[in-house]
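Residue numbering restarts at 1 for every chain, and letters A, B, ... go by the order of the sequence lines.
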Amino acid sequence: MNLNSTPETGQQDTGLTIAGKTYSSRLLVGSGKYRDLEQTRAATEASGAEIITVAIRRVNIGQDPNAPNLLDVVPPSRYTILPNTAGCYTAADAVYTLQLGRELLNGHKLAKLEVLGDERTLFPNMPETLKAAEALVKDGFDVMVYCSDDPIQARILEEIGCVAVMPLASLIGSGMGILNPWNLSLIIEQAKVPVLVDAGVGTASDAAIAMELGCDGVLMNTAIAGAQDPIRMARAMRLAIEAGREAFLAGRIPKRFAASPSSPMAGRVK
Amino acid sequence: MEIVLNGAPHPLADGENLQQLIVALELAGKAVAVAVNRQVVPASLWPQRVLQPQDKVDVVRAIGGG
């Protein structure tokens, strides 16, 4: 049982510990798809997130070198910046991208790995993901890995040495929510590292459901950036993650196909 | 001579090093990382790294992404 997920009745939530560092926010956010850098900044702040993913891309040679930079509005001094391998379809590209990301962030080892297998579905290519994870762990990275919700794949990634497993709840950017809570529960049950839902969250209830299942955190991007009011949705997500976590720690009633009155029968007027 | 910079041919004087290239691109002091032939080169080594013809240079930065 993942110690991070053990219900602790009556106690303060001890926070999310990844690779030896503890964060008080269990909401992780991406930085893509915003209208502009100011909206990125405002939504990230409203979310309360402490970890924010970024993509690594070639600079446009010849473009204005003084144009504002993402890291100016979400600075590494304030946030834990998590470089990702979005758009990588091979282990080699993913490893190379994260080596560049590590250099960009002055040796920072925490990284998000994703190796895609299909442009339409953005589903992870698990064989390439495993290959990349092995190479990255060997190269000293702390790897948080986007994966299918297959409990065996998740276990293998953990055995390889990934510091967190991040199963998709549904397709990236789809907003379809938690499609297979059963697989997620199996992964949570066996994992000794944090389990974070990564991909598919659409609205606040999805995030709450993930936390109620015992997830240690949730990573989302489109759900916030694509909302009609991203700042408001960022706030909603912050609350949802907290509510879901509290509900999990509180220990819910079981579901029973039977009624159970809330008021006593004795003393009714007739 | 010519190198390949971010996927496109880029003319360069013989014997130019990475530091000179970055300065010429007005990227000195900016938040960028550089690799030559898929090997990351730390900024401290840019002055020593002399570029060879057809070297593939990637200059990258962080941008918004999920």
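Here the shortest heavy-atom pairing between Ala33(B) and Leu104(A) reads N-CD1, 3.4 Å. Across all non-hydrogen atoms, the minimal contact from Gly64(B) to Ala55(A) is O-CB, 4.1 Å. Across all non-hydrogen atoms, the minimal contact from Pro42(B) to Glu103(A) is CA-OE2, 3.2 Å. Taking both residues in full, the closest heavy atoms of Arg61(B) and Arg58(A) are given as NH1-O, 2.8 Å, listed atom of the first, atom of the second, then distance. Between Val59(A) and Asn6(B), the shortest heavy-atom distance links the atoms O-ND2, 3.0 Å.
For chain B, the option among Gln99(A), Lys33(A), Arg57(A) with the highest count of heavy-atom pairs below 4.5 Å is Arg57(A). By number of non-hydrogen pairs under 4.5 angstrom with chain B, the leading residue of Val29(A), Ile52(A), Ile61(A), Thr40(A) is Ile61(A). In terms of non-hydrogen atom pairs under 4.5 Å with chain A, the most contact-rich of Val41(B), Leu25(B), Leu5(B), Asp58(B) is Asp58(B). With chain B as the partner, the residue from Asn60(A), Leu71(A), Asn221(A), Leu82(A) showing the most heavy-atom pairs under 4.5 Å is Asn221(A).
Proximity to chain B involves both the backbone and the side chain of Leu100(A), based on heavy atoms less than 4.5 angstrom apart. Interface remark: Ile63(B) contributes backbone and side-chain atoms alike to the contact with chain A (heavy atom separation under 4.5 Å). Of the atoms belonging to Asp93(A), heavy atoms from both backbone and side chain fall under 4.5 Å from chain B. Heavy-atom distances place the backbone of Ala43(B), and not its side chain, under 4.5 Å from chain A. There is no contact between Ala199(A) and chain B, counting heavy-atom distances below 4.5 Å.
Within 6.0 Å of the CE atom in Met126(A), the count of heavy atoms belonging to other residues, nucleotides or ligands exceeds 12. Atom CD of Glu119(A) has 12 or fewer heavy atoms from other residues, nucleotides or ligands within 6.0 Å. Counting non-hydrogen atoms of other residues, nucleotides and ligands closer than 6.0 Å to CZ of Arg38(B) gives a total above 12.
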List, one per line, each side-chain donor-acceptor pair under 3.5 Å for residues 129-138 of chain A, sequence neighbours excluded.
unit_1	atom_1	unit_2	atom_2	d
Thr129(A)	OG1	Asn125(A)	O	2.7
Lys131(A)	NZ	Glu128(A)	OE2	3.1

